[in-house]
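All ligand and atom numbering here is 1-based and tracks the order in the structure. We're numbering straight along the sequence, starting at 1.
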Amino acid sequence: MRGLEGKNVLITGGSTGIGRATAIRFAEEGANVAINYRSSEKEAAITLEEVRETHSSVRKKGRREMLIQGDVAREEDVKRIFAGVLTAWGRLDILINNAGMQTESPTHEMSMDDYDRVLAVNLRSAFLCSREAVRHFLDRGGGGVILNNSSVHETIPKPHYAPYATSKAGLGALGRTLALEYAGDGIRVNMVAPGAIETPINQEWTEHHAKKTEAKGHIPMGRVGQPEEVAAVFAFLASDEAAYITGQTIHVDGGLTLYADFRTTWSSGS
Ligand code: NAI
């Protein structure tokens, strides 16, 4: 894709799932890839090695990759992550706010600790990282790209996951606000909204045949998505092919947002 070769990208929560697939896809496109991870150094080292192998398999000589530890919900960690990338590489071109988590509980039983943690990891983190990225983009001039991994739950309600749905709606609002605020500075901000993707966050159904079959039944295309299918959209939106797109949410959901219950006619008589 045009315009990714040689660019520096930072992916938060980039060692697993969609983040990992995105790191590999950007390496295929010839980008330098910084992978943030929170705690599992071993897991992150495996992803780093995959990105390194991808760089060498596509013969992108001189391309770089790095791991950078930090909890993106914490301001001091985010400052350290950005300082680390900028000290090593001198500039950042693309930020992907990917880190995320969810907890399940009926709302009336949810603790404030759980609520606050989901909001901090999914939304506060994106604010903190976007603020650092924008500061850098404005300082060096020439613009930049910020992409948020939101969810179909940016718009679809999710009972028992109130903080998750709230955080993802917030990510959309944050992204559109920054897109408008900095459009004149050449900074583009967009959201990728995945549906049901086969990653560790969905272990609850990915590892259970019956639950996975049930999940597929809700999806108009009749299958769950793969992380690589989301990564491809991140690559497109970061590339020059998307140079005139800002403030948008692109759903990657097999039709989940198409009101699947209307697949058959039931709401009006014939
Ligand atoms: P995942 O669980 O593999 O990825 C989440 C990553 O975020 C993990 O690597 C985790 O360690 C990291 N992370 C969590 N808290 C962090 C923190 N405080 N600091 C740094 N990293 C942290 O699952 P997946 O699916 O790849 O999730 C990635 C993003 O995609 C999340 O934001 C999730 O909400 C979003 N998403 C996923 C969907 C799916 O069906 N898998 C659907 C819609 C959105």
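Of all atoms in ligand 1, listed by their number and element, those nearer than 4.0 Å to a heavy atom of Asp71 are 17 (C), 18 (N), 19 (N). Interface atoms of ligand 1 facing Gly70, defined by a heavy-atom separation under 4.0 Å, are 19 (N), 20 (C). The ligand atoms of ligand 1 that sit less than 4.0 angstrom from a heavy atom of Asn36 are 20 (C), 21 (N). Here is the list of ligand 1 atoms found below 4.0 Å of a heavy atom in Ala196: 40 (O). Ligand 1 places these atoms under 4.0 Å from at least one heavy atom of Asn202: 39 (C), 40 (O), 41 (N). Taking every non-hydrogen atom of Gly17 and a distance limit under 4.0 Å, the qualifying atoms of ligand 1 come out as 3 (O), 26 (O). Below 4.0 Å from some heavy atom of Arg117 lie the following atoms of ligand 1, by number and element: 18 (N). Applying the 4.0 Å criterion to heavy atoms of Pro200 picks out, from ligand 1, the atoms 3 (O).
The presence of a protein heavy atom under 4.0 Å from atom 22 (C) of ligand 1 is confirmed.
Protein heavy atom nearest atom 11 (O) of ligand 1, with residue, atom name and distance: Arg38 NH2, 4.3 Å. Protein heavy atom in closest approach to atom 14 (C) of ligand 1: Gly100 O, 3.7 Å. Of all protein heavy atoms, the one lying nearest to atom 27 (O) of ligand 1 is Ile201 CD1, 4.3 Å. Here the heavy atom of the protein found nearest to atom 44 (C) of ligand 1 is Ser150 O, 3.1 Å. The nearest heavy-atom contact from the protein to atom 6 (C) of ligand 1 is Gly13 O, 3.7 Å. When hydrogens are left out, the protein atom nearest atom 42 (C) of ligand 1 is Gly195 O, 2.9 Å; that is the closest non-hydrogen contact. Of the protein's non-hydrogen atoms, Asn98 OD1, 3.3 Å is the one closest to atom 28 (C) of ligand 1. If you check which protein heavy atom lies closest to atom 9 (O) of ligand 1, you get Thr16 OG1, 2.7 Å.
More than 12 heavy atoms of other residues, nucleotides or ligands lie within 6.0 Å of CD in Glu104, so this atom counts as buried by the packing criterion.
The side-chain hydrogen bond (donor to acceptor under 3.5 Å, both in side chains) test with Asn97 singles out one residue from Ser125, Ser130, Ser150, and that residue is Ser130. Considering Val78, Val85, Ile81 as possible partners of Glu132, the one that fulfils the side chain to side chain contact (heavy atoms under 4.5 Å, CB included) test is Val78. In summary, of the residues considered (Leu10, Asn148, Thr12), a side chain to side chain contact (heavy atoms under 4.5 Å, CB included) with Cys129 occurs for Thr12 alone.
With a 4.0 Å heavy-atom cut-off, ligand 1 is reached by no atom of Ser39. Contacts with ligand 1 closer than 4.0 Å are made by no heavy atom of Arg74, backbone or side chain. With a 4.0 Å heavy-atom cut-off, ligand 1 is reached by no atom of Glu198.
Using a 4.5 Å cut-off between side-chain heavy atoms of Ile, Leu, Val, Met, Phe, Trp and Tyr, with links allowed through other members, Phe127 and Tyr182 fall into the same hydrophobic cluster. Following chains of ILVMFWY side-chain contacts shorter than 4.5 Å, one cannot reach Ile146 starting from Ile94, and the two form parts of different hydrophobic clusters.
Where the criterion is an N or O separation shorter than 3.5 Å, residue side chain and backbone included, Val72 meets it with respect to ligand 1. Considering backbone and side-chain atoms together, Ile197 places an N or O closer than 3.5 Å to an N or O of ligand 1. Considering backbone and side-chain atoms alike, Tyr164 places an N or O below 3.5 Å from some N or O of ligand 1. Considering backbone and side-chain N/O of Ile18, one or more are found under 3.5 Å from N/O of ligand 1.
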Apply salt bridge (charged side-chain N to carboxylate O under 4.0 Å, His left out) to Asp71 and Arg80, showing your working.
-> CA-CA 10 Å; Asp71 178 342; Arg80 182 173 49 73; over 6 Å; no
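The side-chain heavy atoms of Ile187 and Leu138, taken from C-beta on, include a pair separated by under 4.5 Å.
Between Glu154 and Thr249, the side chains place a donor N or O and an acceptor N or O closer than 3.5 Å (distance only, hydrogens not considered).
The minimum heavy-atom distance between Asn122 and Gly100, with the atom names listed, is OD1-CA, 3.2 Å.
Between the Asn98 side chain and the Asn149 main chain, no donor and acceptor come within less than 3.5 Å of each other.
The structure places CZ of Arg74 at 11.5 Å from CZ of Arg38, a figure rounded to the nearest 0.5 Å. Annotation: the span from Leu256 atom CG to Ile219 atom CD1 amounts to 5.0 Å, rounded to 0.5 Å.
Using cut-offs of 30° and 60° on the angle between ring planes, the pair Tyr161 and Tyr164 is perpendicular.
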